[in-house]
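Below, chain A is the first sequence line, B the second, and so on; all start at residue 1. If you're wondering where the values come from, they're calculated on a predicted model, not measured in any experiment.
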Amino acid sequence: MRVGLFVTCVNDTLYPRTGRAVVTLLERLGVRVDFPAEQSCCGQPLFNTGYRHRTEPLLRRYAAAFSDHDYIVTPSGSCAAMVRDNYPRIAAKAAAEGRGGAVPEAVTEAAARTYELTEFLVDVLGVTDVGARYPHTVTYHPTCHGLRVLGLGDRPRRLLEHVEGLELRELPGAEECCGFGGTFAVKNPAVSAAMGADKARAVTATGARTLCTVDNSCLMHLGGILAREGSPVRPVHIAEILAGAEDDPEPPHGTARGGGAR
Amino acid sequence: MTGTYLGMPSFPRAAEASTRDARLRANLRRATGTIRAKRDRAVAELDDWERLRAAGAAVKDRTLRHLDHYLVQLEESVTRAGGTVHWAADAAEANRIVTGLVLATGEREVVKVKSMATQETGLNGALAAAGIRAYETDLAELIVQLGDDLPSHILVPAIHRNRSEIRDIFRSRMADWGLPAPEGLTDSPADLAEAARLHLREKFLRAKVAVSGANFAVAETGTLVVVESEGNGRMCLTLPETLISVVGIEKVVPTWRDLEIFLQLLPRSSTAERMNPYTSMWAGTTDGDGPRAFHLVLLDNGRTDTLADTTGRRALRCIRCSACLNVCPVYERAGGHAYGSPYPGPIGAVLTPQLRGLASPLEESLPFASSLCGACFEACPVAIDIPEILVHLRERVAEGGPVTIRGTRTVIRPAKRHGAERAVMAAAGWALDHPRALRRGQRLLARTRGLHPRRLPGPGRAWSDTRDLPDVPPESFRDWWARTRGGTGRAGGTS
């Protein structure tokens, strides 16, 4: 089984811990992970802002980078949804507008081989107990694209429930959007911040120490609000919890900003 | 007369103010939260909901594809039943037709059934200009009219008002419009309803002309359908001598059998009821029963242009239930007025820019008034993929492209205000397709991490005013992989 890690641009640049955690986790489960360096961004920021034509080279790049992998695994519900839901549409439109040649088939075929991490674990590997230990209280926010586009359902929760020492706290209004929405966060800052503040309040009220999602982009937004408010809650990607066989080997992101470095 | 939508600010500017209105936020949170929970229960009762939804979407799509045929059939059926059909290409023509019909009766007053189409055309203003007073009789529309306000919700136009605000409006304004509010009016729902009942009863009994919209128009029989909860609509539809109905051309359904689907989908999605309390149906006129004259004004006003767009046209399936508003986190925070049209919320964000065209900063901003969370698509009883249409319309704003304006196919240029963004996106698109350049950027970012400010200047403030920036790690994933596993030579970022 050849598994290609699609790490995503946000994780590559800002949250390499998450990528490393996926590698640790999958290797522990006996999966050999490959990281094709030709990969880049899925193009979602461009596409969702209205720049469909600019995303086309990124589709071709994705299909080429992962052409010989049986499975493409990504630690992002949103990027997986972009690939699975939008790539075939974008490719079909490109073909209809006379661009793309044989690419639409390659793109659609690569999209079908793409799995969000928890889907890959539960559906392909057939595991819900990944042998992780995380002795902390955790609340789980199902991010919108994982929830509504991919239909992740209870897969992330089932994985979390099997983590040793982990205590799951219910998040009221969990299925409501956190307000990130990519460029929405800066195009409509007032509404985005209001949504985020409401979500952060609900998260803090659970009393959990850790906020977990399948998307670091939403965590960047919520973590930014929580940090600004001085909340003790730490944002942690699900991969990092599932990779943890011991107590945290290093401090999670979103905390310990390096003292007086700034 | 009520307010106007002309010169509304862009969505983000309007929302900047409305999100700070604590009372508005509380009113909307309470109201939408309640409706949302009730709707979930009403929908969960039906085990064939998804099939009903698919059937509703299919009937609408088929009807829209053959709209020319069904509209002509509707005209024939209505005419045969004793009604008169008028065709209005735009809002101004519709208002001209209605004004002329009212003036021809010699009356200077009309009672109105709650109607989205006449809100869209601004009919009340046009009637006022001709010296005709229009009385809104839907309770929430009455509150909006008395308050010299604008509706902020499709189903509950005064959702932004709470009980005590409504009492204050009744006390201060009812006397200007007719019967004053009773002495010592309290803000109990029963008292408020009774005050409205007395105030409106006088108008129902006096009115000779009524204006309505319609939820559906059945082509095979020429039957119009109004679905409501209060019974005030039925008063207007039955008591006056002349009835004028202004109906968007997309409201036609081919047969009564099709109606069966929508009369299940609509009440559960809108008021969370199994069946709405009042469903009025009429075809033309009947001797000795109801209005003596019936006029149907079929309104285009951008609908044919919308129909020409194979992605955007799906917005025309909308049956105005407002389920998408009630589940929308953006609507809940920004409020309906920020959408600058009688169609607020997610459906407004896709309908308004298509019906009006990308005519001003407001219409250009509406497709971006969404986090694309998908809750609207999930709730929509006719399965309109609103996020897909939003992104499609964003493309029209950002990149330009083909549109149809008053029946003429044309190619619009990208919106002027998006120049700087376009340059950034072009640069980003290039860098993302050149991993070596991307890697240089990542390394520069990592090397300078000690220097990054906590708050960004200029446009970056939109982020950092309310959110801390993420820490930049010392090493990207890519570099880590190359350093620890890079033996294959593939990790070098060749491009």
Side-chain angles (χ1 to χ4, degrees), chain A residues 7 9 11-17 19-20 35-41 43 45-55 57-58 61 144-145 148-149 176-177 179-182 184-197 220-221 223-225 227-228 253-254 257-258 261-262, chain B residues 11-12 15-16 19-20 25 329-330 333-334 367-375 377-378 391 394-399 421 425-426 428-429 432-433 435 438 442 445 450 452-454 459 462-463 465-473 475-478 480-482 485 490-495:
Chain A
V7 77
C9 62
N11 290 326
D12 182 16
T13 308
L14 295 173
Y15 304 101
R17 293 174 45 92
R20 297 201 298 269
F35 176 77
E38 298 82 0
Q39 66 178 275
S40 179
C41 169
L46 297 164
F47 179 69
N48 281 356
T49 313
Y51 297 86
R52 172 168 61 90
H53 293 90
R54 299 254 176 229
T55 64
L58 298 174
R61 173 168 290 280
C144 300
H145 294 168
R148 300 195 182 88
V149 180
E176 187 169 306
C177 177
F180 172 63
F184 173 76
V186 288
K187 280 179 172 283
N188 280 283
V191 181
S192 170
M195 289 163 68
M220 176 170 76
H221 162 75
I225 292 171
R228 179 66 55 86
H253 58 69
R257 294 179 62 100
R262 288 151 206 272
Chain B
F11 183 86
E16 204 183 311
T19 48
R20 283 199 296 261
R25 291 271 300 275
V330 174
R333 270 88 187 172
F368 297 91
S370 166
S371 65
L372 305 178
C373 82
F377 178 28
E378 195 175 59
V391 172
R394 289 176 186 190
E395 185 188 318
R396 284 291 167 276
V397 175
E399 293 189 331
E421 176 188 284
M425 290 294 177
L432 291 169
D433 197 30
L438 187 64
Q442 285 176 331
L445 201 63
H452 297 168
R454 260 182 186 284
W463 179 273
D465 271 356
T466 52
R467 291 160 282 220
D468 277 7
L469 292 161
D471 285 329
V472 175
E475 184 181 50
S476 70
F477 178 84
R478 207 172 270 281
W480 171 80
W481 181 273
R485 326 249 171 156
R490 292 189 66 196
T494 49
S495 62

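The aromatic rings of B/Phe477 and A/Phe35 sit perpendicular to each other, their planes meeting at more than 60°, with 30° as the lower class boundary.
Residues B/Pro435 and A/Arg61 come closest through the heavy atom pair CG-NH1, 3.3 Å. What you find for A/Pro45 and B/Met425 is that their closest heavy atoms are O-CE, 4.1 Å. Taking every heavy atom of both residues into account, A/Pro189 and B/Ala462 meet most closely at CB-O, 3.5 Å. Of all non-hydrogen atoms in B/Asp433 and A/Ser40, the two that sit nearest each other are N-OG, 4.5 Å. Here the shortest heavy-atom pairing between B/Ala369 and A/Phe184 reads C-CE1, 4.2 Å. The minimum heavy-atom distance linking A/Leu46 with B/Gly429 is given by the pair CD1-CA, 3.9 Å.
By number of non-hydrogen pairs under 4.5 angstrom with chain A, the leading residue of B/Cys373, B/Pro367, B/Ser476 is B/Cys373. Residue with the most contacts toward chain B among A/Ala193, A/Cys144, A/Gly181, A/Cys9: A/Cys144 (heavy-atom pairs, distance under 4.5 Å).
Contact annotation for B/Val330: both backbone and side-chain heavy atoms come within less than 4.5 Å of a heavy atom of chain A. With a 4.5 Å cut-off on non-hydrogen atoms, B/Thr466 touches chain A through its backbone and its side chain both. Residue B/Arg20 does not touch chain A at all, counting heavy-atom pairs closer than 4.5 Å. At a 4.5 Å heavy-atom cutoff, the contact between B/Leu372 and chain A is made by backbone and side-chain atoms alike.
Side-chain contact check for A/Lys187 versus B/Arg394: every heavy-atom pair is 4.5 Å or farther apart.
With A/Asn188 as the partner, the side chain to side chain contact (heavy atoms under 4.5 Å, CB included) test is satisfied by one option alone out of B/Ser371, B/Pro12, B/Ser370: B/Pro12.
Around CZ of A/Arg54, the count of heavy atoms belonging to other residues, nucleotides or ligands within 6.0 Å does not exceed 12.
The main-chain N or O of A/Val191 is never found under 3.5 Å from a side-chain atom of B/Arg333 such that the two would form a donor-acceptor pair. Proximity of a side-chain donor or acceptor of B/Glu378 to a complementary backbone N or O of A/Arg148 within less than 3.5 Å is not detected. With hydrogens and angles disregarded, a donor-acceptor distance shorter than 3.5 Å links the side chain of A/Arg228 to the backbone of B/Arg467.
Residues meeting the ring pair (Phe, Tyr, Trp, His ring centres under 6.0 Å) test with B/Trp463, sequence neighbours left out: none.
Taken from CD in A/Gln39 to CZ in B/Arg478, the straight-line distance is 6.0 Å, to the nearest 0.5 Å. For the atom pair CG of A/Asn48 and CZ of B/Phe368, the computed distance is 10.5 Å after rounding to the nearest 0.5 Å.
Between A/Arg20 and B/Glu475, no side-chain nitrogen of the basic residue sits less than 4.0 Å from a carboxylate oxygen of the acidic one, so the salt-bridge criterion is not met.
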